[in-house]
Amino acid sequence: MKRINDLLNRLNNFWHGSVLHRRYFIGTRWEKMPSTTIIAVFFFCLFYGAIVLVRCYDLSIFSYLSSQRSTYKTPSKQEFPLKCTNTNLTQTCPKDYPTKHNPTTYPSNATCPSYFKWIHEDLRPWNSTGITRDMIERARRTAHFRLVIVNGKAYVEKYRESIQTRDMFTLWGILQLLRWYPGRLPDLELMFDCDDRPVVRSKDFLGPNASPPPLFRYCADEFNLDIVFPDWSFWGWAEINIKPWEHVLEDIIEGNKRIKWKDRVPYAYWKGNPYVASTRKDLMKCNVSDKSDWNTLLYIQDWDRESKQGYKQSNLSDQCNHRYKIYIEGWAWSVSEKYILACDSMTLFIKSHFYDFFIRGMEPLQHYWPIRDNSKCSSLKFAVEWGNNHIEKAQAIGEASSNFIQENLKMSYVYDYMFHLLNEYAKLLKFKPSIPPGSVELCSETMACSAKGTWRKFMVESLVMSSTDTLPCTMPLPYDPLDLKDYYERRANSTMRVEMWENEYWENFNKKQ
Ligand SMILES: *[C@@H]1O[C@H](CO)[C@@H](O)[C@H](O)[C@H]1NC(C)=O
Ligand SMILES: *[C@@H]1O[C@H](CO)[C@@H](O)[C@H](O)[C@H]1NC(C)=O
Ligand SMILES: *[C@@H]1O[C@H](CO)[C@@H](O)[C@H](O)[C@H]1NC(C)=O
Ligand SMILES: *[C@@H]1O[C@H](CO)[C@@H](O)[C@H](O)[C@H]1NC(C)=O
Ligand SMILES: *[C@@H]1O[C@H](CO)[C@@H](O)[C@H](O)[C@H]1NC(C)=O
Ligand SMILES: *[C@@H]1O[C@H](CO)[C@@H](O)[C@H](O)[C@H]1NC(C)=O
């Protein structure tokens, strides 16, 4: 952002410089006007025309650049496209990729978004003991792969097949991180489990001498110590045609503009697969019917049918047509969360047991409306009634979540989160990471060159072409225990406040009946 702003400023100064110059020139002519002839007036008009022209040109450059913000690269920047060998020789990793990150132009001192504080919390179980090789080996039990980074290069030992291609796109993401910040990551070894639910139970590892196995995955909950890491969908979910996050986000921002908030359907909306968890089946009871109206419209997503019909009915940018959107977890956290929160309809967030890496930075009543999970229908009905009676406030909550996602969950912060998490993790290692015997270097080429179809397409779309010009954001300090207490209390308070309003609403409602 800073880089682009500086660039815009420079361009702006350049153009305004020339405009000012001309203005001055005209100024002197203007003063001379009384003593000059009609020819001077003619020249004035010519010069005035020139200004208008220059200004228009100026503006069009401006809007061109701002529309290109996310993808604009300085022309001098060296790019590293995929180098696939076209012969039948095995694909190897290019040797000329930079091993140092030198962000010369635009140092950034910006502090990372507050959800980065949870990196300290997630790693706290190892803060006093450090991480030994033995602990890591014990995490192998459920891991899908071991990732090793030595001298800025990645190596992988694969243990078992993951669901779909989760492991592949997770590794792809890590390879892009290495391209984003070449040579900046320390040596490390870690175990990654691509399944849904966390498994490292905190109750098995109590006391000061506990040595829990550090295990990375996409979510955790209050009973487990698994370390949360961004999920594969940030680089695309090929099986169901969900594009890399950067591009979906652009589509959703466009989708937000399509229907004005007040003109949207004044109902709560959800579309998804209800068969993955009992809580979702429970939600299905809330659909409008002849007998009841819970202000809720629910639709079943049939991915099989959609895949045969080209996903026409599942474009994520078409889903902001209702004033309220429901988020409900699935078997664990749901990938849908960021797509739902990015839409500027107010999110009705059904109480969730699992968390991913960014949701801990979002607050009930500020970014979403909390919904009970044990009486979903009445809770949803009240939320919609409240929103329709407080349109400005409901709209503001929707905008707050959409802004949060656009600003704090843009891809550069996803890379920063990965960077800081891995960096802090590596500081805890008590041994020297070593390349597993027999493993080969993993790079974007060895992965993407042999990939086919949507898999290949998404890899090409999410490929990091050149390293970033900025340093990682600055890590925030850990929560002190009082802040942490305050954090939990604040959320409990807002949730309780909503539940009280809801109780009152239903008491009055029942009195009227
Ligand atoms: C690669 O090998 C396949 C068969 O294994 C062959 O049909 C093809 O022509 C080869 N391509 C090149 C470029 O050598
Ligand atoms: C960043 O911080 C360093 C040290 O605190 C300071 O010297 C430098 O001027 C700051 N840079 C910017 C761009 O604010
Ligand atoms: C970890 O321990 C160090 C001292 O050993 C302390 O400075 C740091 O704040 C601790 N980190 C957390 C997250 O508590
Ligand atoms: C919910 O109700 C709507 C409107 O009647 C209907 O189109 C939709 O199929 C229903 N959804 C489910 C899951 O039954
Ligand atoms: C969704 O729609 C937008 C615009 O309507 C389009 O640009 C985008 O490619 C579509 N996404 C998919 C996955 O088809
Ligand atoms: C939560 O509510 C209680 C009682 O209403 C109040 O004393 C406390 O200060 C609140 N805490 C926060 C963090 O807002």
Side-chain angles (χ1 to χ4, degrees), residues 112 114-131 202 208-212 214 220 225 227-228 265-306 313-314 318-319 321-322 324-326 328 330 336 348 350 357 360 362-366 370 376-377 380-381 384 417 420-430 474-501 503:
C112 309
S114 69
Y115 65 84
F116 281 61
K117 279 180 183 253
W118 291 93
I119 290 175
H120 300 296
E121 298 311 311
D122 285 356
L123 296 174
R124 196 185 287 280
W126 300 276
N127 194 37
S128 57
T129 58
I131 293 169
S202 24
N209 294 324
S211 58
L225 302 175
I227 302 168
V228 289
V265 183
Y267 268 63
Y269 169 93
W270 182 79
K271 183 172 183 177
N273 176 1
Y275 308 114
V276 296
S278 57
T279 180
R280 286 192 173 182
K281 282 190 207 139
D282 185 45
L283 174 66
M284 290 300 117
K285 292 180 201 150
C286 309
N287 201 17
V288 288
S289 69
D290 303 340
K291 290 178 218 75
S292 56
D293 184 359
W294 299 109
N295 298 346
T296 299
L297 284 165
L298 305 169
Y299 300 93
I300 291 173
Q301 173 74 287
D302 182 345
W303 286 115
D304 269 350
R305 197 182 60 211
E306 279 297 289
Q313 304 298 316
S314 36
D318 291 341
Q319 299 197 16
N321 303 347
H322 297 71
Y324 315 97
K325 288 188 70 177
I326 299 168
I328 182 163
S336 64
L348 307 181
I350 298 180
F357 72 103
R360 294 176 285 186
M362 301 186 78
E363 303 262 350
L365 273 190
Q366 188 189 339
K376 299 183 179 75
C377 304
L380 285 167
K381 182 171 175 79
V384 172
Y417 191 91
H420 281 303
L421 173 57
L422 295 180
N423 195 42
E424 296 298 319
Y425 170 85
K427 285 183 195 164
L428 297 170
L429 296 180
K430 298 220 134 176
T474 309
M475 265 292 269
L477 293 170
Y479 280 114
D480 70 43
L482 272 176
D483 285 346
L484 202 57
K485 188 165 159 282
D486 193 66
Y487 169 90
Y488 285 117
E489 217 175 82
R490 212 171 50 235
R491 329 191 110 218
N493 275 7
S494 334
T495 307
M496 237 154 55
R497 207 174 319 151
V498 170
E499 290 180 358
M500 262 159 52
W501 294 340
N503 292 346

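All residue numbers in this chain count up from 1 along the given sequence. Atoms within a ligand are numbered from 1 in the order they appear, just like the ligands themselves. Model, not experiment: these values are computed from the prediction.
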So does Glu489 pair up with Lys485, basic N to acidic O under 4.0 Å? yes
Working to the nearest 0.5 angstrom, can you tell me the gap between Leu297 CG and Asn321 CG? 11.5 Å
Closest contact, heavy atoms only, Asn295 versus Tyr267: C-CD2, 3.3 Å
Heavy-atom protein neighbour under 4.0 angstrom from atom 13 (C) of ligand 3: yes
Among all the protein's non-hydrogen atoms, which is closest to atom 5 (O) of ligand 6, and how far away is it? Asn493 ND2, 4.6 Å
Please work out which of the three classes, parallel, tilted or perpendicular, describes the rings of Trp118 and Tyr488, given edges at 30° and 60°. perpendicular
Looking only at protein heavy atoms, which one is nearest to atom 9 (O) of ligand 3, and what is the separation? Pro478 CG, 4.3 Å
Asp122 vs Tyr425 side-chain heavy atoms within contact, under 4.5 Å: no
So which heavy atom on Asp282 is nearest to which on Lys376, and how close? OD2-NZ, 2.7 Å
Would one find an N or O of Arg490, backbone or side chain, under 3.5 Å from an N or O of ligand 6? no
Flag, side chain of Tyr487 to backbone of Arg360, donor-acceptor distance under 3.5 Å: yes
Out of Asp290, Val288, Leu283, who is nearest to atom 4 (C) of ligand 4 when you count heavy atoms only? Val288
Working to the nearest 0.5 angstrom, can you tell me the gap between Asp304 CG and Asn273 CG? 10.0 Å
Look only at interatomic distance and state if Met284 has a nitrogen or oxygen under 3.5 Å from any nitrogen or oxygen of ligand 4. no
Considering the heavy atoms of His120, write down every atom of ligand 3 situated less than 4.0 Å from one of them. 13 (C)
Closest to atom 1 (C) of ligand 3 by heavy-atom distance, out of Asn127, Ile119, Asp480, is Asn127
Strictly less than 4.0 Å: does any protein heavy-atom distance to atom 7 (O) of ligand 3 fall in that range? no
Heavy-atom contacts with Ile300 under 4.0 Å: which atoms of ligand 4 show up? List them by number with element. 13 (C)
For ligand 6, is there an N or O atom under 3.5 Å from any N or O atom of Asp486? no
Trp126 and Leu428: which non-hydrogen atoms are nearest, and at how many Å? O-CD2, 3.7 Å
N or O contact, Arg124 vs ligand 3, cut-off under 3.5 Å: yes
Atoms of ligand 4, numbered as shown, that sit under 4.0 Å from any heavy atom of Asn287: 1 (C), 2 (O), 3 (C), 8 (C), 10 (C), 11 (N), 12 (C), 14 (O)
Which atoms of ligand 4 sit under 4.0 Å from any heavy atom of Leu298? 1 (C), 8 (C), 10 (C), 11 (N), 12 (C), 13 (C)
